[in-house]
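Below, read A as the first sequence line, B as the second, and so on, with proteins coming before strands; counting in each chain starts at 1. These figures come from a predicted structure and were not determined experimentally.
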Amino acid sequence: MPKVIFIDSADVRHTIEAAPGRSLMQVAVDNMVPGIDGECGGACSCATCHVYVEPDWQERLPPRSSDESFMLEGAVAVDERSRLSCQLKMRDEWDGLVLRIPETQG
Amino acid sequence: MSSQETTLVVGAGHAGAELVAALRQQQYSGRIILVGDEPQLPYRRPPLSKAYLSGEVDRDSLLIRSAAAYDALQVECLTGVAVRAIDRLGHRVLLDDGRYLEYSKLVLATGGRPRRLADPAADKPNVHYIRTLADIDRLRHDLAFAQRLLVIGGGYIGLEAAAVGVKHGLQVTVLEAAPRLLARVAAPEISAFFERAHRARGVDVRTGVSVESFSGTERVESVRLSDGDQLPVDMIVVGIGILPNVELALEAGLEVDNGIVVDSHAQTSVDPDILAIGDCAKHLNGFLCKFVRIESVPSAQEQAKTAAATLCGRFVPHTAVPWFWSDQFNLKLQMVGMSEGYDQLVLRGDPANESFSAFYLRDGVVLSVDAINRPQDFMVAKRLVAERIKVEPHQLADESVPLKSLLSSV
């Protein structure tokens with residue numbers, strides 16, 4: 001199974017198997033990754049699953065939807081690496097994807 | 001904390017699920033047992049009336065966590081089992097299968113149940129409520145065959161059900177006994193917006209009207225309304241509110257007042273070994289500075305985190321700002337704060353475009369915000385409300401002034 005790596009705000013790496021099709025927010029919640037709450041359950045309504053995508057991965061992910069862009073527009077500590085992990089559904093070819101959790105979600 | 005300690009959580013909804021995870025996250029080392037009367041592991045309820053009802057997501061994706069995740073957390077999940085009674089002196093509960101479970105700390109996360117129609121017709125098979133997966137599985141079956149849907153109650157659940165009905169090609173009527181939709185929770189301007197939006201999409205919205213009588217033998221076939229009108233129906237969805245499940249607490253002698261009364265640490269006033277969280281809890285919210293009972297997933301999760309801290313011996317008062325969301329058709333509604341006591345409503349954006357925000361102010365301070373198709377406003381709104389920012393109403397209404405700039409204006 002492909003793996004995804006979450007680096008939490010304390011710089012701890014969590015390497016986790018992620019089933020293709022499962023949202024990366026759900027993968028983080030299942031595995032108690034600190035800093036990913038997923039309060040709205042993936043409805044793109046809360047931005048509590050905000051992550052930074054490491055630079056070499058950014059272009060390999062699908063672009064943000066308009067809802068995701070709008071949510072991020074108002075969120076905290078957002079930059080060009082920002083994504084909402086509930087909107088990213090795991091794919092086989094993302095094996096090794098690195099996601100960093102903002103310090104504001106410590 | 002002794003590792004011999006047992007925390008027993010009654011109720012496997014959002015609050016219970018969050019609590020067991022938060023306990024482990026906060027290094028709780030005792031035994032954790034989660035008891036729920038539904039057959040499933042904890043699942044997300046909000047999509048029930050939205051994406052799950054309309055068939056966009058499947059059952060598995062509703063689970064808050066997988067079974068393996070509870071194993072990894074060393075949480076014992078007992079599903080399909082109800083708690084019959086609490087024996088406070090014996091520090092144990094009686095299950096409906098006759099077993100007793102002992103606890104050191106007991107957390108009541110018993111949630112709520114839909115308020116039912118008083119009429120005996122409420123028990124007919126084509127009358128539906130929306131709370132559990134079983135409710136929806138039953139409802140979806142009817143939805144596939146019905147042509148005429150009657151929704152009783154013009155609150156969020158009713159309006160979401162109406163939207164799904166329209167999507168399925170049904171002829172939908174919404175009845176609201178109050179003079180306007182969302183009367184308890186939104187400003188008249190917002191009620192008017194939703195009434196227009198639903199009408200424009202084909203929903204027959206009738207306010208100030210209630211059902212006088214139901215007719216039909218096996219199923220409800222028609223209803224007579226308080227204005228004399230007769231409506232034929234194939235199915236009915238009732239969304240007239242939630243009653244908190246407080247019976248266990250009442251029988252155990254705990255304080256109940258439209259919810260199990262707890263302090264800002266989620267502890268009941270009578271018994272410090274018993275806590276209550278989620279929809280069933282009338283809790284002291286430190287941000288609102290009053291006792292409230294809130295039916296909302298984010299609030300349930302925040303209360304769970306508060307309770308977890310209490311159980312770990314760290315007393316962190318509950319000060320979360322409540323927020324809510326609803327999806328109807330292509331309308332994404334996000335709300336934050338409580339509007340009670342507002343003296344001014346300021347709109348940003350034009351409701352006619354179906355993309356605007358409504359700010360409820362008191363003395364210029366932002367109490368709450370309803371954002372419709374404005375997620376960018378909502379995220380800033382959360383901070384305006386949490387930080388009790390005082391704003392100039394004309395700046396709020398002026399879209400050339402970035403909302404974020406108001407955050408630092410004080």
Side-chain angles (χ1 to χ4, degrees), chain A residues 1 6 8-10 12 14 16-50 64-78 82-84 86-90 101-102 104-106, chain B residues 14 17-18 20-22 24-26 43-47 50-51 57-58 60-70 72-73 296-302 305 320 323-327 330 332-336 355 357 371 373-384 402-404 407:
Chain A
M1 203 185 290
F6 290 93
D8 70 24
S9 60
V12 177
H14 305 258
I16 298 167
E17 289 193 340
R22 206 156 173 81
S23 92
L24 295 177
M25 174 278 286
Q26 187 64 56
V27 169
V29 168
D30 269 346
N31 292 279
M32 309 284 295
V33 175
I36 300 290
D37 284 352
E39 283 191 349
C40 77
C44 200
S45 284
C46 69
T48 58
C49 65
H50 176 198
R64 297 171 181 167
S65 68
S66 59
D67 267 359
E68 185 182 349
S69 297
F70 283 137
M71 285 299 292
L72 285 169
E73 207 177 288
V76 181
V78 170
S82 293
R83 296 300 301 258
L84 296 180
C86 71
Q87 301 301 301
L88 298 171
K89 304 282 187 293
M90 189 63 188
I101 295 162
T104 46
Q105 290 159 235
Chain B
H14 282 273
E18 179 66 27
V20 298
R24 290 297 184 225
Q25 234 153 13
Q26 299 187 30
Y43 57 87
R44 298 197 170 89
R45 293 190 199 278
K50 311 176 183 87
V57 300
D58 61 14
D60 278 355
S61 70
L62 293 181
L63 287 183
I64 294 173
R65 284 187 173 79
S66 61
Y70 292 99
L73 291 171
S296 126
V297 170
S299 174
Q301 290 170 329
E302 292 295 340
K305 285 177 191 165
W323 70 274
F324 315 84
W325 79 95
S326 175
D327 296 313
N330 57 340
K332 186 184 189 71
L333 169 63
Q334 295 163 294
M335 300 153 271
V336 59
S355 169
S357 296
N373 288 338
R374 286 277 183 135
Q376 68 278 37
D377 283 4
F378 175 70
M379 293 304 293
V380 182
K382 270 180 137 176
R383 290 156 71 186
L384 288 171
L403 214 45
K404 269 189 172 172
L407 282 169

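Here the shortest heavy-atom pairing between B:Trp325 and A:Ser45 reads CD1-OG, 3.8 Å. Across all non-hydrogen atoms, the minimal contact from B:Arg65 to A:Asp30 is CA-OD1, 3.1 Å. The minimum heavy-atom distance linking B:Ile64 with A:Gln26 is given by the pair O-NE2, 2.7 Å. Across A:Glu39 and B:Pro298, no two heavy atoms sit closer than the pair OE1-CB, 3.7 Å.
Distance CZ/B:Phe378 to SG/A:Cys46: 8.5 Å, rounded to 0.5 Å. Taking CZ of A:Arg22 as the reference point, atom OG of B:Ser66 lies at 6.0 Å (rounded to 0.5 Å). For the atom pair CE (B:Met379) and CD (A:Glu73), the distance works out to 11.5 Å, reported to the nearest 0.5 Å.
Proximity to chain A (any heavy atom under 4.5 Å) is restricted, for B:Leu73, to the side chain, taken from C-beta onward. Residue B:Gln334 touches chain A through its side chain alone, counting heavy-atom pairs closer than 4.5 Å. Heavy-atom distances place no part of B:Arg374 under 4.5 Å from chain A, backbone and side chain included. Only the side chain of B:Val297 comes within contact range of chain A, with heavy atoms under 4.5 Å apart. If you measure heavy-atom distances from B:Ala21 to chain A, the contacts under 4.5 Å come from both the backbone and the side chain.
Counting only distance, with no hydrogens or angles, the side chain of B:Lys332 and the backbone of A:Asp67 share no donor-acceptor pair below 3.5 Å.
Top candidate by heavy-atom pairs under 4.5 Å with chain A, chosen from B:Arg24, B:Arg383, B:His14, is B:Arg383. Ranked by heavy-atom pairs under 4.5 Å with chain B, the list A:Ala75, A:Gly21, A:Ala47 is led by A:Ala75.
Here the options are B:Lys305, B:Glu18, B:Gln301, the test is side-chain contact (heavy atoms from CB on, under 4.5 Å), and the partner is A:Asp37; only B:Lys305 passes.
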